[in-house]
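In what follows, every heavy atom counts, from backbone to side chain, and hydrogens, waters and symmetry copies are set aside. Residue numbers count from 1 along this sequence.
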Amino acid sequence: MTHALSIATWNIHKGFSQFNRRMMVHDLRDRLRELSADIVFLQEVQGLHLGHVETHPDWPSQAQHEFLAEDVWANHAYGRNVVYDHGHHGNAILSRFPILHEHNQDVTHLRFEKRGLLHCAVEVPRLGQALHCVCVHLSLFARSRRRQMDALARRIEEVVPDGAPLLIAGDFNDWRNHADDLLAQRLGLTEVFAGDAQRPSRSYPAVLPMFRLDRIYQRGLRVGARQVHAGPPWSGISDHAALSAEFRFGPAAARRRS
């Protein structure tokens, strides 16, 4: 018997449309519910912004990840990466299943560009062992990305059991697809959208995607349906397209890998 798992990843641009023209956090919440994923990886999540509270009467009173998760994803983790006088933002993971532990790793290379890796172990029913989930938002600069992918690989090698099921998703800013050589081969990962073309899907800008920035890497699961959510209405919410994917697994196989 096989079981299903669905995930999504989305750079939500702090709840604003492209070029910060409109506050879209309520539409964003509706679209996330439409995706109905079991686990959601989010980047550019606004944990706090005192200015938006004053400027926008309908700005949520909770932290953004708590507002988005409310009544659907009972478990969530937030990794604060960028801190300023009026607030902070970072990555978040929302989960229908228990989060066993969480860790936010600072992988900043350039002082003006704070970055982090949010790693959660999630207890997925019938999987047989913890599913390791890492939400990433890597640097705009190639040299920094190389260092960050090496730091990510070293953490996985140190704390994740060999062969344990693993998902790494987020905004890689890696339009030249160096992650395949620097990360995927090292950890035994496959990119779920690459297929025979060996190239991830285009995801940026959301209105007409040209660049292959957003990714979902996996190991230990079987890839099913997958989709890039671009164009209207998605492109009116964030400058990045959302990605979603379904996976299948069998509990007997999961126990053998452990």
Side-chain angles (χ1 to χ4, degrees), residues 1-10 12 29 31-43 45 65-66 68-79 90-105 116-137 152-153 155-172 183-184 187-194 214-227 229 242-258:
M1 181 179 181
T2 60
H3 305 288
L5 173 74
S6 60
I7 76 159
T9 181
W10 202 359
I12 63 172
R29 187 160 91 155
R31 289 294 160 187
L32 283 178
R33 279 155 171 69
E34 181 180 307
L35 290 176
S36 192
D38 295 316
I39 303 173
V40 182
F41 300 70
L42 299 175
Q43 305 87 52
V45 178
H65 64 285
E66 294 174 348
L68 296 173
E70 190 174 34
D71 299 327
V72 177
W73 295 278
N75 308 278
H76 44 77
Y78 170 66
N91 299 324
I93 293 177
L94 318 181
S95 175
R96 296 184 189 272
F97 312 125
I99 294 176
L100 302 175
H101 63 77
E102 62 186 78
H103 174 76
N104 192 51
Q105 180 178 354
L117 308 170
L118 179 61
H119 175 197
C120 293
V122 179
E123 186 179 34
V124 177
R126 298 177 293 276
L127 183 55
Q129 61 180 313
L131 171 66
H132 290 267
C133 300
V134 186
C135 185
V136 308
H137 185 192
L152 171 55
R155 173 164 179 82
I156 298 301
E157 291 165 344
E158 290 169 3
V159 306
V160 177
D162 290 342
L166 172 64
L167 291 169
I168 302 176
D171 179 359
F172 280 72
L183 184 67
L187 297 177
L189 300 165
T190 57
E191 208 287 321
V192 304
F193 288 88
D214 302 273
R215 312 277 174 81
I216 301 173
Y217 288 95
Q218 72 87 26
R219 79 176 185 205
L221 303 168
R222 296 198 300 276
V223 180
R226 69 220 97 158
Q227 188 173 354
H229 303 271
L243 308 182
S244 63
E246 295 180 359
F247 301 93
R248 301 283 175 179
F249 62 91
R255 284 195 293 271
R256 283 197 298 270
R257 287 193 300 270
S258 65

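- Inter-residue side-chain proximity for R215 and L243 is flagged as unmet; no heavy-atom pair is nearer than 4.5 Å.
- Counting heavy atoms from C-beta outward, T9 and Q43 have side chains that approach closer than 4.5 Å.
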Check your understanding: N104 and L117: side-chain contact (heavy atoms from CB on, under 4.5 Å), yes or no, with the steps?
Key -> CA-CA 6 Å; N104 192 51; L117 308 170; 5.8 Å; no
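- Residues Q218 and T190 meet the side-chain proximity criterion, which asks for heavy atoms closer than 4.5 Å.
- Of all the heavy atoms in I216 and A169, the pair that sits closest is CG1-CB, 4.1 Å.
- Side-chain contact between V136 and L152: present, with at least one pair of heavy atoms (C-beta onward) separated by less than 4.5 Å.
- Scanning both residues, W73 and A37, for their nearest heavy atoms gives NE1-O, 2.8 Å.
- Atom CD1 in I12 sits 12.5 Å away from atom CZ in R29 (nearest 0.5 Å).
- The CG atom of L94 sits 10.0 Å away from atom CD1 of I39, with the distance rounded to the nearest 0.5 Å.
- Using a 4.5 Å cut-off on side-chain heavy atoms (C-beta onward), D38 and F97 make contact.
- Side chains of R96 and S6: no donor on one and acceptor on the other come within 3.5 Å.
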Exercise for review: Please report the C-alpha distance between H229 and L35 in whole Å, then the side-chain angles of each, then the deciding distance to 0.1 Å, and finally whether the side-chain contact (heavy atoms from CB on, under 4.5 Å) criterion is met.
Suggested key: CA-CA 10 Å; H229 303 271; L35 290 176; 3.3 Å; yes
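- Side-chain atoms of H119 and R155 include a donor-acceptor pair closer than 3.5 Å.
- Looking at heavy atoms from C-beta onward, L221 lies out of side-chain contact with L166 at the 4.5 angstrom threshold.
- Judged by distance alone, the side chains of D171 and H137 do bring a donor and an acceptor atom under 3.5 Å apart.
- Interatomic distance, CD of Q227 versus CZ of F193, reported as 8.0 Å (0.5 Å rounding).
- Heavy atoms from other residues, nucleotides or ligands lying under 6.0 Å from CD of E34 number more than 12.
- With hydrogens and angles disregarded, a donor-acceptor distance shorter than 3.5 Å links the side chain of R33 to the backbone of L68.
- A distance of 9.0 Å separates CG of L42 from CH2 of W10, quoted to the nearest 0.5 Å.
- Closest approach of R219 to A164, counting heavy atoms only: NE-O, 2.9 Å.
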Practice item. Apply the test side-chain contact (heavy atoms from CB on, under 4.5 Å) to residues V45 and N91: give CA-CA distance (whole Å), side-chain angles for both, the deciding distance (0.1 Å), then the verdict. Key: CA-CA 6 Å; V45 178; N91 299 324; 5.9 Å; no
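- Between I93 and I99, the closest heavy-atom pair is O-CD1, 4.3 Å.
- Shortest non-hydrogen contact noted between G250 and R222 is N-NH1, 4.4 Å.
- Interatomic distance, H132 NE2 to I168 CD1, rounded to the nearest 0.5 Å: 11.5 Å.
- Looking only at side-chain heavy atoms (C-beta outward), L187 and E157 come within less than 4.5 Å of each other.
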**Study point:** Verdict with reasoning, F172 to Y217, per ring pair (Phe, Tyr, Trp, His ring centres under 6.0 Å)
**Key:** CA-CA 11 Å; F172 280 72; Y217 288 95; 5.3 Å; yes
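- Side-chain contact check for P165 versus F249: every heavy-atom pair is 4.5 Å or farther apart.
- Between atom CG of residue L183 and atom CD of residue E191 there is a gap of 11.0 Å, rounded to the nearest 0.5 Å.
- A pairwise comparison of heavy atoms in V122 and C133 identifies CG2-SG, 4.0 Å as the closest pair.
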Review point. Between S95 and H76, does a side chain to side chain donor-acceptor pair (under 3.5 Å) hold up when you go through it step by step?
Key: CA-CA 6 Å; S95 175; H76 44 77; over 6 Å; no
